[in-house]
Amino acid sequence: MPATSSSDFAFEPKVWSDHIQAYFDQYLVYGAFALKNNDLVGEGKGVQVHFPYFKTIGDAEEIGEDEALDVDNMEDDSFTASVFEIGKAVGFKKAVFKKSAASQEQIMNEAMRQIARRHAEKVDSKLLTEIQTSGTQGFTSADGTELMNIRNLNRGKTIAFGDKAKDAVVCFMHSLQLMDLRNDTTSGFMQANANDPYNMINGYAGMLLNMAIVEVDTVPEVAAIGGKKSFKAIICKENAYGIIRKQEMEMDSDKDILNRQIIVTGNEWYGVKNFDKKISSADKKIAFLTTATSVSA
């Protein structure tokens, strides 16, 4: 049987799209905790999309025996988000399929994984920028000795959210902060097991204070505190921010006969939005916890 060549290349746009979308969801970190809205897929490409939500109704009334209740109306509204297009192209030289020790299926799967990873990294980067547009500072180390530990983690979310601190669902922190958290002798019991719903999320370290702890080194680095490297961990409630998809993954391929290669491209349209304090000033959804680490700057 002859070696596989580019003429044997089988490209199914829908199959590739479905596989890359599945990989994309797997590789999201910040995006794994985002409210996802795909309602506007297929409505055409625009420069803006809208996240719908319901406004809150007014306060309850204190009424007398013969008084009638006022009728309040419940309104909806939407947050506006600008959309952006992400895309990636990869080419396969004819010689690749002849020389590579990997099978054609392995090469194709690797290409899909890498396209999806790059898409996810770009969306996560956009989300991180959007998350930082609004939030409440919960705790900041006063000196280089105040490191990430269960006490400061608890302070951070309580200072930011008050009696709603129990609603926090995730804390994203730098690997050096997680190292200090794990090294602290009073850090508490951080548990992760195979049945945990967050177990498949990249960087998931376990549950602590009823929050998922996620290790991700893209959290912002801040000016050194007490001569120590310092970072801003991010604590979020459920649906603190969102991703809205304007266009599903589109895959195309073309053959470059002069260069003897097949080129595959994938692109999507997305919008991201921070929901912190958007409905009301009391609706705090995102908090920042800035700590020094045990590593010198």
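Quantities reported herein were computed from a predicted structural model and do not represent experimental measurements. Computation of the quantities below employed the complete heavy-atom set of this structure, encompassing side-chain atoms and omitting hydrogens, waters and symmetry-equivalent molecules.
Although no hydrogens or angles enter the test, the distance criterion places no donor-acceptor pair under 3.5 Å between the side chain of N202 and the main chain of V29. With hydrogens and angles ignored, the 3.5 Å screen pairs a side-chain donor or acceptor of D124 with a backbone N or O of G31. In this structure, Q132 contributes its side chain and L128 its backbone to a donor-acceptor pair below 3.5 Å. Checked by atom type and distance alone, the side chain of E215 never pairs as donor or acceptor with a backbone atom of L178 at under 3.5 Å.
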Side chain to side chain donor-acceptor pair (under 3.5 Å) between R151 and N154, intermediate numbers included: CA-CA 5 Å; R151 300 177 301 283; N154 190 47; over 6 Å; no
- request: Mind running side chain to side chain donor-acceptor pair (under 3.5 Å) on D180 and T293 for me, showing each step along the way?
  value: CA-CA 7 Å; D180 293 332; T293 69; 4.6 Å; no
- request: List the steps, then state whether side-chain contact (heavy atoms from CB on, under 4.5 Å) holds for M179 with V295.
  value: CA-CA 10 Å; M179 177 186 71; V295 177; 4.1 Å; yes
field: Working for side-chain contact (heavy atoms from CB on, under 4.5 Å), residues F288 and I234
entry: CA-CA 5 Å; F288 304 118; I234 303 170; 4.0 Å; yes
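Evaluation of the salt bridge (Lys or Arg N to Asp or Glu O under 4.0 Å) rule for K229 yields E221 as partners, not counting sequence neighbours. Judged as a side chain to side chain contact (heavy atoms under 4.5 Å, CB included), and not counting sequence neighbours, T129 has no contacts. D283 is linked by a salt bridge (Lys or Arg N to Asp or Glu O under 4.0 Å) to K285, counting only residues two or more places apart in sequence or in another chain.
Here the CZ atom belonging to R182 is positioned 10.0 Å from the CD1 atom belonging to I213, to the nearest 0.5 angstrom. To the nearest 0.5 Å, atoms CZ (F139) and CG (N152) are separated by 3.5 Å. To the nearest 0.5 Å, the span separating OG1 on T265 from NZ on K88 amounts to 11.5 Å. The structure places NE2 of H119 at 6.0 Å from CD of E268, a figure rounded to the nearest 0.5 Å. For the atom pair OG (S175) and CG (L181), the distance works out to 12.5 Å, reported to the nearest 0.5 Å. Rounded to the nearest 0.5 Å, atoms CD1 (I235) and CE (M173) are 7.5 Å apart.
There is no path of hydrophobic side-chain contacts, each under 4.5 Å, that joins V222 to L289.
For S141 against A292, the heavy-atom pair with the smallest separation is OG-N, 3.1 Å.
In this structure, F33 has its ring center closer than 6.0 angstrom to the ring center of F172.
F161 carries K237 over the face of its six-membered ring, with the cationic atom under 6.0 Å from the centre and within 45° of the normal.
Crowding of N239 atom CG: a count of heavy atoms from other residues, nucleotides or ligands under 6.0 Å exceeding 12.
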